[in-house]
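Positions are given from 1 along the sequence. These values consider heavy atoms only, across backbone and side chains, with no hydrogens, waters or symmetry-generated copies. For ligands, and for the atoms within them, numbers begin at 1 and follow the listed sequence.
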Amino acid sequence: MRKLRVGVIDLVAKGPTRALFARVMNANFAAIMPQVIATWCEQEGHDVTFVCYTGFENLVEELPDNVDLVFIGAFTEAAQLAYALSNLFRSRGAVTVIGGPHARCYPQDAVKYFDYVLGFTDRAVICEVLEDCSEHRPIGMCVAAKQQPLALPGVRERWKFIEPTLKKAPFIKMVPMIGSLGCPYTCSFCIDSVIPYQPLDCDVIKEDLKFLLQKFKRPLVGWHDPNFGVRFNDIMNAIEEAAPPDSIDFIAESSLSLLSEPHLKRLKQNGFKALLPGIESWYDLGDKSKTGRTKGLDKVRQVSDHVNMILSYMPYIQTNFVLGLDSDEGAEPFELTKRFVDLAPGAFPGYSLLSAFGQAAPLNLEYQRADRVLPFPFQFLNNNQAMNVKPKNYSWPDFYNHVIDLVEYTYSWRAIFNRGRANKGMIPRWMNVVRAVSSEGFGRIKYHTEVRRRLDTDRQFRRYFERESTELPQFYLDLARRDLGSLWEWLPKGAMDHDTNAYLKSVMM
Ligand code: SF4
């Protein structure tokens, strides 16, 4: 095989930014798979240039002029940026590949702009692309393994690509690790709900933790497992064998059902500082929050007690909710979440607007069959800038009234003060205040309020929401253009549109 000049780009940001929070945190959101692909390409003997794009780099300058093959890893919100980059690198003679969540959710769209679109990606898939490395146009080639890889290169092997990424993070430097793939739970909206749970090799994890203890005085590790601690004893044994108690700080996403008091004690002893459990709904998904059939106010009380108990062991907790699920109706779900904000004041609630990401989850077929999916460009599909599923039980103005009311309540000065009082330690307090007054809190109140205003005052805007028109309102077009900055001119023709029912059509063929 000829030696290739390979570029690997991890798109953490969806366009250029100057935001302070992005400067501090974006490099900490680097994904693992682009680092894995860069490692595999190098191990296959190719020259690799790796860039984690945090919104501050000039991507065109950072990659060599004469790159042969460019891999781009992207979430759907960065798809338009990925499409523009592909167009630009193709114009310079490169062959382009997209992988990551967007490629998995929208392969039918991505093939229009890339030579290869990756599904499940293991080393054999990467070798196939490296060997073929040829143009597939106008329609790209989909390449996928049958399942997730059984093993991944650990931190030691990926270090060459982790280190320069962490250099971009000025204060907090979080190393991405992963102990498992998939999830045994079946939350209907989740991309991991259809992927069998599979633990990764504990020996690699132990090696990596020992390695990090040589690199940092006190490492900070962010676990990228979709649901950390499913095989709780195995992973905790590995941590305890590799590192002295409380010598590494850890952050993980885990479901409440896994966070019993004995587990929390052990997590605390081993340095866990922040947990991000999903609560999602007061009426649904009782398994993952260990609330079984308990619903409504009873579930609020039970979950609040649980969250307060977690806070007695952990300095930081973010609780995630999905707004607009079909099980929600009327004001009650929003009022219940407000009660939760009162009863568990130390938690930072993260809200996501219900979104259907292409073929991420079988539930999306139902939305597509019912013609409820809106054609918002990918750039807005980040769980808050747009909700691309028409709510089942709300009109749009009604829904946004409830969302604004809840967000205002959650990020009011009163709630910010209560949160500060309930948190222990300077860093959690500081984090929560910054998050509440920045784009995540105040910024969202402003944004949702503007959307709500336009639903009343802008006829074309409302028609788009009601599925009476597919013409993108100027408001979103202006935002998209601003987001992409100078790369807007490289966006291929038609790349702002996609077929909202592509998944349904693909299963009917
Ligand atoms: S528990 Fe979390 S990772 Fe697992 S299916 Fe539900 S949302 Fe997805």
Hey, what's the ring geometry for Y394 with F334, parallel, tilted or perpendicular (30° and 60° as the breaks)?
perpendicular
With atoms numbered from 1 as shown, which atoms in ligand 1 lie under 4.0 angstrom from a non-hydrogen atom of P226?
3 (S)
On the 0 to 90° scale, with breaks at 30° and 60°, tag the F161-F50 ring pair as parallel, tilted or perpendicular.
tilted
Short list, please: which atoms of ligand 1 are under 4.0 Å from a heavy atom of C183?
1 (S), 3 (S), 4 (Fe), 5 (S)
Do the ring planes of Y83 and F378 sit parallel (below 30°), tilted (30 to 60°) or perpendicular (above 60°)?
perpendicular
Distance filter under 4.0 Å to N227 heavy atoms, resulting ligand 1 atoms
1 (S)
Measuring to atom 6 (Fe) of ligand 1, does C187 have an N/O/S atom at a distance below 2.8 Å?
yes
Could you go through the side-chain hydrogen bond (donor to acceptor under 3.5 Å, both in side chains) check for N364 and E366 one step at a time?
CA-CA 5 Å; N364 296 350; E366 273 180 43; over 6 Å; no
